[in-house]
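Inspection log for the structure reproduced underneath, given as structure tokens.
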Amino acid sequence: MPEAPMEQQKATDYSVAENNNKTLEFIEDVTKEADDVQKRVLAEILSRNAHVEYLKRHGLNGITDRDTFKKIMPVITYEDIQPEINRIANGDKSHILCSQPISEFLTSSGTSGGERKLMPTIDEELERRSLLYSLLMPVMSQFVPGLDKGKGMYFLFIKSESKTPGGLVARPVLTSYYKSSHFKERPYDPYTNYTSPNETILCSDSYQSMYSQMLCGLCQNNEVLRVGAVFASGFIRAIRFLENHWSLLCNDIRTGTLNALITDPSVRQAVMKILKPDPELANFIEQECSRQSWQGIITRLWPNTKYVDVIVTGTMSQYIPTLDYYSNGIPLVCTMYASSECYFGVNLNPLCKPSEVSYTLIPTMAYFEFLPVHKNNGTTNSVPIPKSLNEKEQRELVDLVDVKLGQDYELVVTTYAGLYRYRVGDVLRVAGFKNSAPQFNFICRKNVVLSIDSDKTDEVELQNAVKKAVSHLIPFDAHLIEYTSYADTTKIPGHYVLYWELSVNGSTPVPPSVYEDCCLTIEESLNSVYRQGRVSDKSIGALEIKIVESRTFDKLMDYAISLGASINQYKTPRCVKFAPIVELLNSRVVSCYFSPKYPKWTPGHKQWINSD
Ligand code: AMP
């Protein structure tokens, strides 16, 4: 198997260039030998785990060849292994899925039964994740030279963690990574030289973390060559934070003293190493921030910025216009595609347009298979995934090197940490090839209708939540005739909007407080990732119900039919995105109501008693 590039130890120009070349060679090698690498990865996973309960139960009996594996092992979803996951969470340490000890659970933003999915992981997966990160800058440097001569201003955050009843930590994958020695004790590397000291990233208070990261970013403004966050939503939240706090931040910079609201001693200490009285810089920031227009604020405050590094593929594409506005059109760069289950791949052409981004799956990360997704009228099917695949469908899965250009597939992974033929839920389209490794456009996550940040709400969840909420209307003899939804990101934080058309037969009008109760009931019914975004991260605003005039949904249908929809097959969309449709709905709004308070949310699964 091609040797992975070593992490670099020294920062001389020579070693940077040498390391970059080694990394690019690695990518060249693994993509050339993609099929061989995949075969070996599968054999390695299966031979190491030959004796685990799950593989034995399915009768694999230590066999490691691809054909037998594909014949015997079922293609599964999370629900299929939930019993095994629950056993591990409850403290069963026997080799259920993996021969190596499960080190922790990664809590995915995908949910099952309203709770985050728990992905088992093992220590060595951290190395695989680090490897994928180490590919990013050598790739980028081919297109933007000199990035080793300055810093990256990245807004990175940890989220709360909890413990399973069996004592395993459960937390999001990035929290796990930032808290690991791979991140905290990384050797000096010009490519991981960030304006945010580790202490500010590792601070669990999101206000203090954001404030101190922004302050450090401003203090080092001329050194910053690239800016970013993981997702576009997070980066825009940081800019919004600046809009609300620049005056306090300038005060700190002018006087060289840190605002008393920052109480975490390690954060204070780390920031004070960077913060020096600089009235000139404070005046400059004040002048730029008090201008009426914030267009181009990024390149104005951080004048050497070459690009914005954020994911804008998938649902995040809704933020592209806002990012373009703030950044004056400098490139928006999507570097990688990853999940809690596994880190998948990198974008080898990072300066391409956001609409053209494709990710090359790195064949050493896991064993990948692809389930063809059949398109309806040129659009990817959005019907719910059937619970399990029949035998014929199982045979349709193809290997990494056998996917066809232009075809859509659902990604299926077999990982070192004990997922076997697991459906990730993402739909990808083959956009090209790097040697024999395919490059994929991210098309969508199956079934997701609404998303603001990392929340992913599907149609069924939305339907159930609405069903619960409308019971508040019964005493008023009011009934929901039709509804749809919209992820409104015109303001930060964005929020969910539901458009409701009602028939009101009772003589007493529905009081506003009842509609507000409906809003809250919907929020309470949505999954824990949504509620965490609302309550803890504050990345999602209060849910809104907009009551529309009668016959609005007839008008919506007329409009869809005028655009070519078939009258027989027309179904009210449960989510709208197309601007003219949103405008049509908004033009018929008679009243709006917001959720009056936060829904309930606590870290951990609702069935656990938190032990910390
Ligand atoms: P999580 O397991 O919570 O980290 O979420 C992983 C999911 O986020 C993936 O399965 C995708 O649906 C989505 N995701 C991750 N990276 C990207 C990307 N580069 N573009 C679009 N969606 C992404």
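Atoms within each ligand, like the ligands themselves, are counted from 1 in listed order.
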I'd like to know whether the aromatic ring centres of [X] and [Y] sit less than 6.0 Å apart in this structure.
| X | Y | result |
| --- | --- | --- |
| Tyr337 | Phe344 | yes |
| Tyr343 | Tyr133 | yes |
| Tyr420 | Tyr54 | yes |
| Tyr207 | Phe241 | yes |

Sub-3.5 Å N/O-N/O distance, Thr107 and ligand 1: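 No; the residue has no nitrogen or oxygen that sits under 3.5 Å from a nitrogen or oxygen of the ligand.
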Examine Arg445 against ligand 1 and note whether any of their N/O atoms are separated by less than 3.5 Å.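 There is such a contact, yes.
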In Val346, Asp309, Leu147, the residue satisfying side chain to side chain contact (heavy atoms under 4.5 Å, CB included) with Met140 is Leu147
Is the terminal nitrogen or CZ of Arg186 (NZ for Lys, CZ for Arg) located under 6.0 angstrom from the six-membered ring centre of Phe183 and within 45° of that ring's axis? yes
To the nearest 0.1 Å, how far is [atom] from its closest protein heavy atom, and which atom is that?
| atom | result |
| --- | --- |
| atom 17 (C) of ligand 1 | Tyr337 CD1, 3.6 Å |
| atom 20 (N) of ligand 1 | Thr313 OG1, 2.6 Å |
| atom 5 (O) of ligand 1 | Ser109 OG, 3.4 Å |
| atom 8 (O) of ligand 1 | Lys456 NZ, 3.9 Å |
| atom 11 (C) of ligand 1 | Asp426 OD2, 3.2 Å |
| atom 6 (C) of ligand 1 | Ser339 CB, 3.5 Å |
| atom 1 (P) of ligand 1 | Ser340 OG, 3.4 Å |

Tell me which donor-acceptor pairs under 3.5 Å the side chains of residues 96-105 have, and how far apart each pair is, sequence neighbours excluded?
from   : atom 1 : to     : atom 2 : distance (Å)
Ser99  : OG     : Arg48  : O      : 3.0
Ser99  : OG     : Asn49  : OD1    : 3.0
Gln100 : OE1    : Arg48  : NH1    : 2.9
Gln100 : NE2    : Glu124 : OE1    : 3.4
Ser103 : OG     : Thr121 : O      : 3.2
Ser103 : OG     : Asp123 : N      : 3.4
Glu104 : OE1    : Arg171 : NE     : 2.6
Glu104 : OE1    : Arg171 : NH2    : 3.3
Glu104 : OE2    : Ser176 : OG     : 3.0

Is [X] in contact with ligand 1, taking contact as a heavy-atom separation below 4.0 Å?
| X | result |
| --- | --- |
| Met336 | yes |
| Tyr359 | yes |
| Ala338 | yes |

Is the shortest side-chain heavy-atom distance between Leu371 and Arg423 below 4.5 Å? yes
